[in-house]
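Written out below as structure tokens is the structure these notes cover.
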Amino acid sequence: MDGETGLVVPPETSAYTFHVASDEGARLFINDMLLADYYNLGAGKADSPPLVLEKGKSYLVRLEYVEGSDYANCALRWGPSSTSSAATI
């Protein structure tokens with residue numbers, strides 16, 4: 001199991017959605033709350049439910065992913081739930 005941690009700081013108070021894509025499974029936690037889970041050694045994508053985040057507040061992001069062969073391929077994006085745009089983290 002591999003993983004990355006970091007912080008996000010929303011520019012506005014709003015509902016945000018996190019989008020995870022991995023070639024062999026991943027789990028996403030925000031402030032230690034599990035939001036997306038498809039840890040099953042198969043390619044896939046998962047979206048978190050909308051989560052209201054406060055402007056200027058730091059949120060701990062932890063992404064765990066599994067790699068069963070060769071190279072890990074995992075991407076995490078986030079953005080306001082009300083739009084289709086999302087930024088890569």
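FYI, the numbering just counts along the sequence from 1.
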Handout entry: For the student: nearest non-hydrogen atoms of Ser58 and Val9, plus distance
Key = OG-CG2, 3.6 Å
Exercise for the section: Over all heavy atoms of both residues, which pair between Asn31 and Tyr59 is shortest? Give the atoms and the distance, please. Expected result: ND2-CD2, 3.4 Å
Completion exercise
Looking only at heavy atoms, the pair that brings Leu63 and Ala26 closest together is CD1-CB, 4.2 Å
Exercise for the section: Might you point out which heavy atoms bring Ala36 and Leu34 nearest each other, and give the distance in Å? Expected result: O-CD1, 3.5 Å
Problem - Pairwise side-chain contact, Leu7 with Leu60, heavy-atom cut-off 4.5 Å (strictly under) - result: yes
Exercise for the section: Calculate, to the nearest 0.5 Å, the distance between atoms CG and CZ belonging to Asp37 and Arg27 respectively. Expected result: 5.0 Å
Fill in the blank from the handout: CG (Leu28) and OG (Ser48) are apart, to the nearest 0.5 Å, by 6.5 Å
Handout entry: Shared hydrophobic cluster, Val8 / Phe29 (ILVMFWY, side-chain heavy atoms < 4.5 Å)
Key = no
Problem - For the student: nearest non-hydrogen atoms of Lys55 and Pro11, plus distance - result: CG-O, 3.3 Å
Fill in the blank from the handout: In this structure, CG of Leu51 is separated from CE of Met33 (nearest 0.5 Å) by 5.0 Å
Handout entry: Hphob cluster co-occupancy, Trp78 + Leu35, side-chain heavy atoms under 4.5 angstrom
Key = yes
Exercise for the section: Look up atom OH in Tyr65 and atom CG in Leu76, then write down how far apart they are to the nearest 0.5 Å. Expected result: 11.5 Å
